[in-house]
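Values in this document were obtained by computation on a predicted structure and should not be read as measured data. Note that ligands are numbered from 1 as they come in the structure, with each ligand's atoms numbered from 1 the same way.
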Amino acid sequence: MKPYEATQPPQDYSRYMDLGEGWVDRRIFWDEAIYERELEAIFARCWQFVAHDSQLPNKGDFLTTYLGEDGVIVARHADGKVYAFLNACTHRGNKICFADEGNARRFNCNYHGWSFNTAGELTGLPNEAEAYDAGDIDKRQWGARQARVESYKGMIFATFDPSAPSLEDYLGDYRWYLDAFLDNDEGGIEFLPGTIKSYANANWKFGVENFIGDAYHAWWTHDSGGKAMMGGAFPAYDPTDTFHASVNGHGWEFALEGFGDIAILGSQEIIDYYTEIRPRMIERIGNLRAHIFGSLASAAMFPNMTFLPGIHTFRTWLPRGPRKLELRIWTVVPKDAPQSVKQAINKACNMTFNPAGTLEMDDGENWEGNTRTNAGWVSRHEKLHYGSGLSRRIEHPDLPGIVHKGQFNDANQRLFYQRWADLMNARTWADVPQRYTPRYAGRPTR
Ligand code: FES
Ligand code: FE
């Protein structure tokens with residue numbers, strides 16, 4: 001796979017923030033030229049979530065999604081492997097698949113009818129004998145552009161950058177945290193059928209940075225939603241045993257009570273299920289991670305995959321220009337759970353975190369406001385404060401990554417923007433600095 005010619009960074013993006021002082025320049029949420037650089041330096045380069053194994057169980061199963069603004073088809077081919085390739089015809093460039101998901105043997109372009117198989121190879125040209133003489137086209141050279149595909153515990157990721165590090169290295173010690181969600185029971189997780197799409201006139205980074213560790217907003221923005229779901233306010237904030245942990249720009253904000261997020265779902269059946277399997281979970285992933293799971297927590301993998309582990313909502317934030325995002329949401333359930341528990345999780349998850357849910361609808365309006373006020377030239381040139389918890393960095397004997405104490409904290413957001421600037425400033429992956437000492441890189445995490 002030939003790499004694209006990398007562009008020299010047109011400017012120094014570090015000038016848009018001072019994370020030691022704790023501020024970020026508002027133009028990164030608005031400026032078209034900065035967004036154009038993001039498409040290359042972030043979205044054409046980083047590993048991004050495209051599907052879970054449970055969404056593509058059979059040969060021919062496919063779904064369509066995006067890496068940045070590049071449409072991709074993700075399909076399980078006849079050889080059993082998953083391929084991801086550009087959803088664009090190599091003849092005149094039309095989309096070759098308009099469906100969101102399905103099962104197919106091939107994708108036929110609407111315009112002149114070229115067809116591509118589920119591995120993205122060009123397999124058929126209508127009226128080939130009449131249109132093409134010998135030597136006009138070598139079909140093997142004109143398949144759809146392939147992305148690299150690697151997976152981690154059923155989660156399938158893709159990148160168009162052949163020089164990107166392996167997915168395992170890209171995740172690094174974040175795998176230690178991910179396993180608390182993906183691998184806390186033998187069956188792992190399963191995506192329930194159905195994708196919910198919604199749109200907001202907001203910059204994609206506001207959604208991601210909220211999930212990477214903005215517990216701070218929940219007590220205010222979601223006060224009434226929380227009361228409606230739980231019959232009372234959110235549990236009192238307890239600064240002990242709450243953390244922000246960041247690895248390569250990925251983040252997880254959590255407590256250790258093992259219960260808060262599950263309680264928000266408001267279903268005794270779900271609480272009983274997790275109470276029953278907790279001993280098994282402790283045996284599998286250890287006491288610490290068995291209590292990270294389920295606690296009041298939220299998480300994001302750089303650049304645009306987020307989830308609430310105990311609430312079971314999982315989402316990607318697809319950029320649609322600097323001022324619009326497309327949100328895709330799924331409910332994730334423990335695969336080995338009884339059907340009734342899966343249904344209870346699905347119902348509760350959708351009552352809280354879908355576009356009409358009691359908690360989700362509070363957020364979008366705020367992020368649209370954060371974005372829209374930048375229409376003002378003066379506003380756009382101001383700074384935003386990201387200084388909460390500047391001095392709370394700690395070394396923790398058991399928690400990998402860069403760890404800060406406390407749940408109300410901007411630490412993970414600062415480290416997300418640090419990674420953003422590192423990538424924006426890098427011509428290739430070789431220029432991206434490693435900002436912490438890995439503990440588990442290259443080794444299994446349990
Ligand atoms: Fe696809 Fe011509 S554009 S066949
Ligand atoms: Fe929220």
Side-chain angles (χ1 to χ4, degrees), residues 64 71 73 85-98 106-117 120-128 130-132 136-137 139 141-145 196 198 200 202-230 233-235 237 251 253-254 260-261 264-265 296-300 306-315 317 325 327 329 349-371 407-410 412-413:
T64 54
I73 298 173
F85 47 90
L86 279 183
N87 184 5
C89 181
T90 49
H91 184 225
R92 293 292 185 275
N94 195 12
K95 249 179 157 178
I96 53 177
C97 179
F98 286 82
R106 71 181 82 82
F107 304 101
N108 285 324
C109 180
N110 263 354
Y111 197 180
H112 309 86
W114 281 22
S115 61
F116 299 81
N117 67 14
E121 295 162 323
L122 176 61
T123 49
L125 311 175
N127 299 314
E128 183 170 355
E130 291 75 19
Y132 299 96
D136 282 357
I137 183 166
K139 289 207 281 286
Q141 303 295 319
W142 288 91
R145 172 81 188 193
I196 295 172
S198 64
N203 185 275
W204 65 275
K205 295 187 287 299
F206 281 126
V208 179
E209 68 141 74
N210 176 276
F211 275 75
I212 212 165
D214 195 327
Y216 188 40
H217 84 294
W219 274 254
W220 186 263
T221 289
H222 299 307
D223 182 51
S224 52
K227 282 175 180 152
M229 273 314 282
M230 298 181 292
F234 275 90
Y237 169 63
E253 160 267 307
F254 55 95
D261 265 359
I264 287 174
L265 294 175
L296 283 175
S298 64
T306 73
F307 52 100
L308 298 174
I311 292 178
H312 302 78
T313 183
F314 186 96
R315 59 247 335 262
W317 306 82
L325 61 83
L327 173 61
I329 308 176
C349 187
N350 279 300
M351 280 176 72
T352 48
F353 280 93
N354 86 7
T358 47
L359 298 170
E360 172 114 0
M361 29 181 195
D362 302 327
D363 287 313
E365 199 177 6
N366 290 329
W367 302 330
E368 289 195 344
N370 301 349
T371 305
Q407 200 155 26
F408 290 178
N409 209 324
D410 291 331
N412 278 359
Q413 286 90 338

Report the name of the N/O/S atom of H222 located nearest to the Fe ion (ligand 2).
-> NE2
Taking the Fe ion (ligand 2) as the reference point, name the nearest N/O/S atom of H217.
-> NE2
Backbone N/O of [Y] and side chain of [X]: donor-acceptor pair under 3.5 Å:
| X | Y | value |
| --- | --- | --- |
| N117 | E121 | yes |
| Q413 | E209 | yes |
| T123 | S115 | yes |

Closer than 4.0 Å to some heavy atom of [X] - which atoms of ligand 1 meet that?
| X | result |
| --- | --- |
| G113 | 4 (S) |
| C89 | 1 (Fe), 3 (S), 4 (S) |
| R92 | 3 (S) |
| C109 | 1 (Fe), 3 (S), 4 (S) |
| W114 | 4 (S) |

Can an N, O or S atom be found in H112 less than 2.8 Å away from atom 2 (Fe) of ligand 1?
->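 Yes - counting backbone and side chain alike, H112 has an N, O or S atom under 2.8 Å.
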Taking 2.8 Å as the cut-off, does an N/O/S atom of D214 lie below it from the Fe ion (ligand 2)?
->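 So D214 does not count as coordinating the Fe ion (ligand 2).
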Residue pair L359 / I264, side-chain heavy-atom distance below 4.5 Å |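 Touching, per the 4.5 Å side-chain cut-off.
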Among the N/O/S atoms of H91, atom 2 (Fe) of ligand 1 lies closest to ND1
Is the closest side-chain donor-acceptor distance between D362 and H217 under 3.5 Å?
-> no
Is the count of non-hydrogen atoms from other residues, nucleotides or ligands lying under 6.0 Å from E128 atom CD greater than 12?
->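 Enclosed: over 12 neighbouring heavy atoms sit under 6.0 Å from CD of E128.
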Give a yes or no on whether Y132 atom OH has more than 12 heavy-atom contacts from other residues, nucleotides or ligands under 6.0 Å away.
->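 Above 12, so yes.
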